[in-house]
Amino acid sequence: MRQGPTEHTAEAGSEAVGIHEESSGPAEASSRPEPTTAAQRASDRAVKRARVLELLDRADAESVLLTSAAAVAWYLDGGRQNVSLAADPIAAVRVGRDDDEVFVTSNEAERLVAEELPAGVVIRDRPWYEALEMPAISSALHEHQLDAELRAARAVLLPGERQRFRALSADAAAAVTDVLLAAQPSWSERRTAAELAGRLVAIGADPLVLLVAGERRASLPHPLPTDGPLGGRAMVVVCARRDGLIANLSRWVAFRPLTSDEEDAQRRILEVEADALDATRPGTVLSDVLQVIAGAYPAHGFDAEQWRRHHQGGAAGYGGRDPRATPSTSDVVRLGQAFTWNPWVPGAKIEDTVLLTGTPEAPVIEPITRDERWPTTRVGGRERPVTLQR
């Protein structure tokens, strides 16, 4: 038996609010900005709608259907549009000249309206067993038809977004510090990942990526956790999502003195990153930044082909990389955008989320995955994280 969609409008006051639980322990030492207000969210959403309507004008279209996790989370100003992190969002958005329609499954509608969706959108729920593609949205442009344009629309983070991103990034960095201050050489990689996951969930974040490399696996770029011990030296990688935004960072901990080769590789990989950050200037094409990174490896004593052996990062925000920089990526760097570059060689890696602030004439790189308890060294005029010596 087929049933049509049900329409209702989210009431004012049902603004999406991320879960920012207070947790006990050292993580609370970090300075956290005040939560964004409903008025700030409404103001930001008005700007986002205007940006999409401008895209529709250029495309001479009446509406566009947003379905990806990045686009849906961005347009709905955060919140969680997933039940399973391995599945597509349970909500899709038709942005039209008339209104914003959010298509959701009937079994999720009540919770989404109460907890996730902003006020003022029209809710159209459908039976959970029916496909999303209904006649009412068949004439809309699909997101992939405006993919690059939509990425550009969400690239420059608005005031409320920057505030929430700084708070998430500080919380994620503090969680990593907490775990690695407590870790022991005998801990397994999986136990370390479990401790990280618990900390991230406690701050209301989804642990999208948790990688742990003990000393015997320190040469891997993407070390999925195993039962192996951390040993004398270990690396962790965290990608945490809250309010739709994703903070990325990698950190090293050592339970013994670093060897001269390890210290040398750490120093030189930070120099590669410094070149990447210096090249991240407004108007620069991402493929050109990648070219700078490629040249930085041999300039600092690494193999000239090293950049080919692992991706080097790219823009950040509502995707882990939005987009990842490749030799053909034509997106340009914008003031107010976030980035995560991650130069890597076996045994050495650096990864932090940064905001590009300042002015076009004097841009400033602001690292936001920071914890004041973590040791740093000054490279390229910036404080950069180094190995935590235990």
Side-chain angles (χ1 to χ4, degrees), residues 33 36 40-55 58 70-71 73-75 77-78 146-170 173 243-249 272-293 296 312-326 328-343 350-370 379-384:
T36 48
Q40 179 67 73
R41 287 177 179 267
S43 174
D44 284 359
R45 287 205 66 250
V47 175
K48 294 176 185 180
R49 177 167 170 79
R51 289 178 182 176
V52 178
L53 291 181
E54 184 179 349
L55 297 183
R58 295 179 194 168
W74 167 70
Y75 195 73
D77 206 32
L146 296 175
D147 189 43
E149 294 87 347
L150 285 165
R151 278 203 312 274
R154 63 179 179 263
V156 178
L157 298 174
L158 294 164
E161 293 175 303
R162 293 196 296 272
Q163 190 171 335
R164 293 192 293 278
F165 211 1
R166 288 184 177 106
L168 163 64
S169 296
D243 298 314
L245 294 159
I246 302 171
N248 316 287
L249 69 154
V272 174
E273 187 211 34
D275 289 353
L277 295 175
D278 288 343
T280 308
R281 299 183 63 85
T284 305
V285 180
L286 285 184
S287 59
D288 290 342
V289 180
L290 179 61
Q291 187 173 3
V292 169
I293 296 172
Q312 302 300 308
Y318 289 91
R321 301 296 187 274
D322 195 23
R324 180 181 295 178
T326 73
S328 60
T329 304
S330 60
D331 299 52
V332 299
V333 173
R334 301 169 187 272
L335 202 65
Q337 193 172 9
F339 296 88
T340 301
W341 301 109
N342 49 266
I350 177 66
E351 180 179 15
D352 254 340
T353 301
V354 305
L355 289 176
L356 183 61
T357 60
T359 66
E361 297 76 22
V364 174
I365 294 291
E366 176 194 346
I368 58 176
T369 40
R370 294 180 61 250
V379 182
R382 309 176 187 94
E383 291 299 321
R384 306 305 301 126

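- Nearest approach of R51 to V156, heavy atoms of both residues: NH1-O, 3.2 Å.
- R370 has no carboxylate O lying under 4.0 Å from a charged side-chain N of E383, or vice versa, which leaves the two without a salt bridge.
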Check the pair D44, K48 against salt bridge (charged side-chain N to carboxylate O under 4.0 Å, His left out), reporting the backbone distance first and the verdict last.
CA-CA 6 Å; D44 284 359; K48 294 176 185 180; 5.9 Å; no
Decide yes or no on side-chain contact (heavy atoms from CB on, under 4.5 Å) for W341 and V289, but give the supporting numbers first.
CA-CA 10 Å; W341 301 109; V289 180; 3.4 Å; yes
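- Residues F165 and A338 come closest through the heavy atom pair CE2-CB, 3.5 Å.
- Between the S287 side chain and the S328 main chain, no donor and acceptor come within less than 3.5 Å of each other.
- Residues T280 and V333 approach most closely at CG2-CG1, 3.9 Å, considering heavy atoms.
- To the nearest 0.5 Å, the span separating CG on L168 from CD on Q163 amounts to 13.0 Å.
- R384 places a side-chain heavy atom less than 4.5 Å from the side chain of I350.
- Separation of atoms CD (Q337) and CG (L157) is listed at 7.5 Å; rounding is to 0.5 Å.
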Please evaluate residues R321 and N248 with respect to the criterion side-chain contact (heavy atoms from CB on, under 4.5 Å), reporting the C-alpha separation (whole Å), side-chain torsions for both, the decisive distance (0.1 Å), and the verdict.
CA-CA 9 Å; R321 301 296 187 274; N248 316 287; 3.3 Å; yes
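- Of all heavy-atom pairs spanning A247 and T369, the tightest one is CB-CG2, 4.1 Å.
- With no hydrogens or angles considered, a side-chain donor-acceptor pair links T340 and T353 at under 3.5 Å.
- Put simply, the side chain of T357 does not reach to within 4.5 Å of the side chain of L335, judged on heavy atoms.
- Closest non-hydrogen pair, A173 versus L249, comes out as CA-CD1, 3.9 Å.
- Geometrically, R45 engages Y75 in a cation-pi contact, judged by NZ or CZ lying under 6.0 Å from the ring centre and within 45° of the ring axis.
- Rounding to the nearest 0.5 angstrom, the gap separating the CD1 atom in I368 from the CG atom in L355 is 4.0 Å.
- Atom CD of Q312 and atom CD of E351 lie 11.0 Å apart (nearest 0.5 Å).
- Atoms CD1 and OG, from I246 and S169 in turn, are 11.0 Å apart once rounded to the nearest 0.5 Å.
- Using a distance-only test at 3.5 Å, with no hydrogens or angles considered, no donor-acceptor pair links the side chain of R154 to the main chain of W74.
- Within a 6.0 Å radius of CD in Q40, more than 12 heavy atoms belonging to other residues, nucleotides or ligands are found.
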Run the numbers on R382 and D278 for salt bridge (charged side-chain N to carboxylate O under 4.0 Å, His left out), then give the verdict.
CA-CA 11 Å; R382 309 176 187 94; D278 288 343; 2.7 Å; yes
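- Rounding to the nearest 0.5 angstrom, the gap separating the CD1 atom in I365 from the CG atom in L356 is 5.0 Å.
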Give the intermediate values and the outcome of side-chain contact (heavy atoms from CB on, under 4.5 Å) for residues L245 and R164.
CA-CA 8 Å; L245 294 159; R164 293 192 293 278; 4.3 Å; yes
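- In terms of modelled atom types and a separation under 3.5 Å, the side chain of E161 and the main chain of L158 share a donor-acceptor contact.
- Between A276 and I293, the shortest heavy-atom distance links the atoms CB-CG1, 3.6 Å.
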Give the intermediate values and the outcome of side-chain contact (heavy atoms from CB on, under 4.5 Å) for residues R41 and D243.
CA-CA 12 Å; R41 287 177 179 267; D243 298 314; 4.0 Å; yes
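- Screening L290, T284, V292 against D288 for a side-chain contact (heavy atoms from CB on, under 4.5 Å) leaves a single residue, T284.
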